[in-house]
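Comments concern the structure below.
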Amino acid sequence: TARNGGTSSDPRELYILTVARQRALPQTDSLVVLDSKGRLLSHTSEYPYPGANTGEWDFLVAQAVADPAQTVIGRAVRDPLRGGWTIPLVRRLSGAEGGVIAALVKVDYFGGAIRGLALPDATELLIARSDGRLLAAHPNQAREPDKDLAGLPPFRLTLAGVRTGSFHEILPGDSIPRIGAFQRSADYPLVAIVSVPLGAALDPWRREASLTIGAAALLAALGALVCLAIYNEARRRADAADSLRKSNRILEFRLRERNASVNRLASHLSTFSYSISHDLRTPLRAINGFCQALEEDYGDKLDANGRD
């Protein structure tokens, strides 16, 4: 199977396997399996696969790292078969043939969490890779995915090693100043940026001198909430995997204890058998000696039953 580094000899069987796996991942748009040359082996959207080997999947193979244990958050791309924007999670397959498997996460998957924050009007929220490539934006029409945001102030500071902070600047493509905050995830190469036009942020509290500090703190907290939601989901899955590993270790320990107990019992039985057989030698020799003396002295006086 693709999980073990090879591929099924039956394309239909591989398609069925990937479809079954994708149904357990509702946040994904599709699952894709490619060989080491970028040729499409399976795609959960349809079967067979039109235009499977025209080179449009090479970007996924190029983004995968050599270590099969590492998953890469790729740049946002349009699914060549479905056309919608997706965020690929790419992992190289183990084995001599290589190849990759990719889960194409729906860009809209982040929309539900973002909408649940009840952000103020005119708020723009961006989720991007740490290299500045945009993955998702709110509202959706704010910026197209995969735009290079490395020139934005949060990325200038983030690339310099700053994990969280605020800014007040006219962003590229805008004509009005915005204030905002950003935070980089501690566990994933992701950055969340939230900003609002300066006028919209100041209007409700224009008479209060402390407005700027309060608004920056609020926006920083909103940015932290987005990163926290991403982190909690990843932590939940990690905890589930850790719990399974602990259960397996406990089961293995109990099995070793049971085997050791059986071995000890077998050893005790062997020792007991040896002791019994040793203790019976002397009385058996005495009985044997008496029988021989009886046969020698009185054998001619015994009938057949007595001798027997």
Side-chain angles (χ1 to χ4, degrees), residues 27 73-76 85 87 89 105-236:
Q27 66 271 31
I73 301 176
R75 291 168 53 177
W85 281 104
I87 300 171
L89 303 182
V105 180
K106 304 172 185 176
V107 169
D108 291 341
Y109 169 67
F110 296 96
I114 294 173
R115 286 190 295 271
L117 296 176
L119 299 173
D121 293 340
T123 300
E124 181 178 352
L125 192 150
L126 307 176
I127 298 176
R129 303 197 320 173
S130 58
D131 63 358
R133 287 289 176 175
L134 179 63
L135 296 177
H138 171 79
N140 293 334
Q141 66 274 15
R143 301 179 191 272
E144 189 175 54
D146 200 42
K147 290 295 183 181
D148 187 2
L149 306 180
L152 296 181
F155 284 96
R156 293 200 304 268
L157 296 173
T158 299
L159 295 175
V162 179
R163 188 171 297 277
T164 184
S166 59
F167 61 91
H168 173 204
E169 194 168 331
I170 298 178
L171 303 185
D174 291 340
S175 59
I176 57 175
R178 302 179 72 90
I179 62 172
F182 68 91
Q183 181 162 326
R184 182 172 56 178
S185 170
D187 300 290
Y188 298 93
L190 297 175
V191 180
I193 308 168
V194 61
S195 66
V196 295
L198 181 59
L202 296 179
D203 281 345
W205 306 281
R206 190 171 296 275
R207 297 176 183 175
E208 299 182 13
S210 61
L211 170 65
T212 303
I213 297 176
L218 174 61
L219 292 175
L222 289 175
L225 278 176
V226 175
C227 288
L228 182 61
I230 298 173
Y231 172 81
N232 285 341
E233 175 65 16
R235 176 54 58 189
R236 183 187 65 79

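No experiment lies behind these values; they were computed from the predicted model shown. Every heavy atom of this structure was used, including side-chain atoms; hydrogens, water molecules and symmetry mates were not.
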Practice task
For S195 and A181, indicate whether the former's side chain and the latter's backbone hold a donor-acceptor pair under 3.5 Å.
Solution key: no

Heavy-atom closest contact ([X] atom, [Y] atom, distance):
| X | Y | result |
| --- | --- | --- |
| I87 | G74 | CG2-O, 4.2 Å |
| A136 | L134 | O-CD1, 3.3 Å |
| V107 | W85 | CG2-O, 3.4 Å |
| C227 | S185 | SG-N, 4.4 Å |
| T164 | F182 | OG1-O, 3.0 Å |

Practice task
Would you check if D148 and R133 make a side-chain contact, meaning some heavy-atom pair closer than 4.5 Å?
Solution key: yes

Handout entry: Presence of salt bridge, D131 and R129, under 4.0 angstrom
Key = yes

Exercise for the section: Among residues two or more places apart or on two chains, list those pairs meeting salt bridge (Lys or Arg N to Asp or Glu O under 4.0 Å) that have a residue in residues 223-234. Expected result: E233-R236, E233-R237

Atom pair [atom1] ([X]) and [atom2] ([Y]), whose distance is rounded to the nearest 0.5 Å:
| X | Y | atom1 | atom2 | result |
| --- | --- | --- | --- | --- |
| L89 | Q27 | CG | CD | 9.0 Å |
| I230 | I127 | CD1 | CD1 | 4.5 Å |
| R75 | L135 | CZ | CG | 10.5 Å |

